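Please read all numbers here as calculations on a predicted model, not as lab measurements. Note on naming: letters A, B, ... go to the chains in the order of the sequence lines (proteins, then strands), and numbering restarts at 1 for each one.
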Protein chains: 2
Amino acid sequence: MAQIDTVERILDAAEYLFAEKGFSETSLRTITSHAKVNLAAVNYHFGSKKILIQAVFTRFLDPFADRLGNRLDEIEDTGAQPGLEELVNMLFTEIMKVKPRGQNDLKVFMRLLALAYAQTQGHLRKHLQTVYGHVFSRYFRLLVKAAPDLPEQELYWRINFMMGSVMFTMSDFDTLNAISEAENGTTATVEDTLRRLLPFLVSGMRSPQSTVLRVENVDHS
Amino acid sequence: MAQIDTVERILDAAEYLFAEKGFSETSLRTITSHAKVNLAAVNYHFGSKKILIQAVFTRFLDPFADRLGNRLDEIEDTGAQPGLEELVNMLFTEIMKVKPRGQNDLKVFMRLLALAYAQTQGHLRKHLQTVYGHVFSRYFRLLVKAAPDLPEQELYWRINFMMGSVMFTMSDFDTLNAISEAENGTTATVEDTLRRLLPFLVSGMRSPQSTVLRVENVDHS
DNA sequence: ATGTGTTTCAAACACATGTTTTATTCAAAC
DNA sequence: GTTTGAATAAAACATGTGTTTGAAACACAT
């Protein structure tokens, strides 16, 4: 094969540009010219733009899900019962291990994840659900076991509150960081910010239920 | 003028469809046919699609910002120093007062807000910043005063963690609620979920700073 | 060298988009 | 009744899109 890295170059450019502008807003022509590749190469190698989008996610989500799965295996093997902080910390650690592709880095990874949620790209959500749903279900089950004894639906929502903090913060990281620099002269790395997130999230998960809602679920002690 | 409500009908349809699919993914033809209005009406009444997008936000953000501003005036007049929980509660209360337009409701409002952040629609962010930046700055300053004595940049990030939880949860509310129903047979209203958010966020804001940042070291190579 | 299957390339295709144009309709003012 | 200006309608416009085509270039085994 000539130009063995054509596929990789397309993926690198697509990854970067998707994170920058979104899926619909990034044309194949922008991608291919940025990757210094012929326009037809995308449809030749991938088949369609939809499949290219999925391929971008697969490339960094596959090893991520694998590593997360291994961690979960270890936990189940040792029969350990990790606590809330330990679990969140584990997830963050695996997130930070995501390998930068080309000039792309962790921010791109996080922004793509957030876009996958926000942008109503129906096929993408379905794709990610069927491919990675199993691993995340396992992780969620551990979270449920580790959480303080709250009603299941309370826990469910709190987990999503957590996800929201992480997704939003990371996807808008560059903007937020720029504002931070302008206002108090400090900048942060993605790792710094994840470390800041950890106690925030753990405290949120451990917070008492709102009194209004606790009415249905009275504790007479 | 004939058909006095043409503008309103366009705004109703656009609001609903933008929230459903996103801005780039919603064509003017979809909007006008949904609003039972001629295609050219959008450019005649608004000038361009970009301006239509901004108009959709202005219509529900103007009264919202006004009410929030009034609340802030009251606080400054009385010289009160509201606490964290009080402040967040105040914001949520104002959010829940946002009037449904046509068949649209609070979910549409929240989803549009989240889209404004996620979708890199540069002109929108700039527009919202210049029009509503002042009110939100006032609110943020109150938050800073109400927060426990943390370094300013710590506070800054935590406020954004909060925003993330709210935005993400509300923008994906329908999906999350559907999953909740499938898994434990319970559904929630937007109001329920905001009430659940309140203690979660307040606890997060009050969490101790992590002294030892115990995220494992990672080598990217 | 030759032949073969793969990859690249320029061009064209079919279609959807936002926008503009031109003509028509309509309600109210004179 | 006529006139005037705004609102609507249908059509065309210009452009950008994802995709397909068919020929050329290429690597490589025979």
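Between A/S27 and D/dT17 there is a side-chain polar atom (N or O) within less than 4.0 angstrom of OP1 or OP2. For B/T6 and D/dT8, the shortest distance from a side-chain N or O to OP1 or OP2 is below 4.0 Å. A sub-4.0 Å separation between OP1 or OP2 of D/dG18 and a side-chain N or O of A/N43 is absent. For C/dT8, neither phosphate oxygen OP1 nor OP2 lies less than 4.0 angstrom from any side-chain nitrogen or oxygen of A/N38. Considering only side-chain N and O atoms, A/H45 lies nowhere under 4.0 angstrom from the phosphate OP1 or OP2 of C/dT6.
Going from atom CZ of B/F46 over to atom C1' of D/dA7 covers 14 Å, rounded to whole Å. Remark: C1' of C/dT17 and CD1 of B/I53 are 13 Å apart, rounded to the nearest angstrom. Rounding to whole angstrom units, CZ of residue A/F23 and C1' of D/dG18 are separated by 17 Å. Between the CG atom of B/L39 and the P atom of D/dT8 there is a distance of 13 Å, rounded to whole Å. Spacing between atom CG of B/D5 and atom C1' of D/dT8 amounts to 13 Å, rounded to whole angstrom units. Rounding to whole angstrom units, NZ of residue A/K49 and P of D/dT19 are separated by 8 Å. C/dT19 atom P lies 9 Å from atom NZ of B/K50, rounded to whole Å. Between A/K36 atom NZ and C/dT7 atom C1' there is a gap of 20 Å when expressed in whole angstrom units.
Contact of A/R29 with D/dG16 (side chain to base): no donor-acceptor pair of N or O atoms is detected under 3.5 Å.
At a threshold of 4.0 angstrom between heavy atoms, the contacts of A/A41 with the nucleic acid are absent. Residue contacts shown for B/T26 are limited to sugar-phosphate atoms, with no base heavy atom under 4.0 Å away.
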*Would you write out the dot-bracket form of DNA chain D, 5' to 3', with Watson-Crick and G-U pairs under 3.5 Å, [ ] for crossing pairs, | for pairs to other strands and . for unpaired bases?*
||||||||||||||||||||||||||||||

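B/R195 has no carboxylate O lying under 4.0 Å from a charged side-chain N of B/E191, or vice versa, which leaves the two without a salt bridge. A/D62 and A/R67 are not joined by a salt bridge, as no carboxylate oxygen comes within less than 4.0 angstrom of a charged side-chain nitrogen. Remark: B/R71 does not engage B/D66 in a salt bridge, criterion side-chain N to carboxylate O under 4.0 Å. Between A/D172 and A/K107, no side-chain nitrogen of the basic residue sits less than 4.0 Å from a carboxylate oxygen of the acidic one, so the salt-bridge criterion is not met. By the 4.0 Å N-to-carboxylate-O rule, A/E76 lies close enough to A/R138 to be salt-bridged with it.
Partner of B/W157 under the ring-ring contact (aromatic ring centres under 6.0 Å, His included) criterion, out of A/F168, A/F200, A/F173: A/F173 alone.
Counting only N and O atoms by type, the side chains of B/S180 and B/N177 include no donor and acceptor under 3.5 Å apart.
Taken to the nearest 0.5 Å, the CD1 atom of B/I53 stands 7.0 Å off from the OG atom of B/S24.
Distance from the side chain of B/Y44 is smallest to D/dA6 among D/dA6, D/dA11, D/dG18. Of the candidates C/dT19, D/dA10, C/dA12, C/dT19 carries the atom nearest the B/L28 side chain, counting heavy atoms from C-beta on.
The 5' end of DNA chain D is approached more closely, in terms of each residue's nearest nucleotide, by A/T30 than by the other of A/T30 and A/A40.
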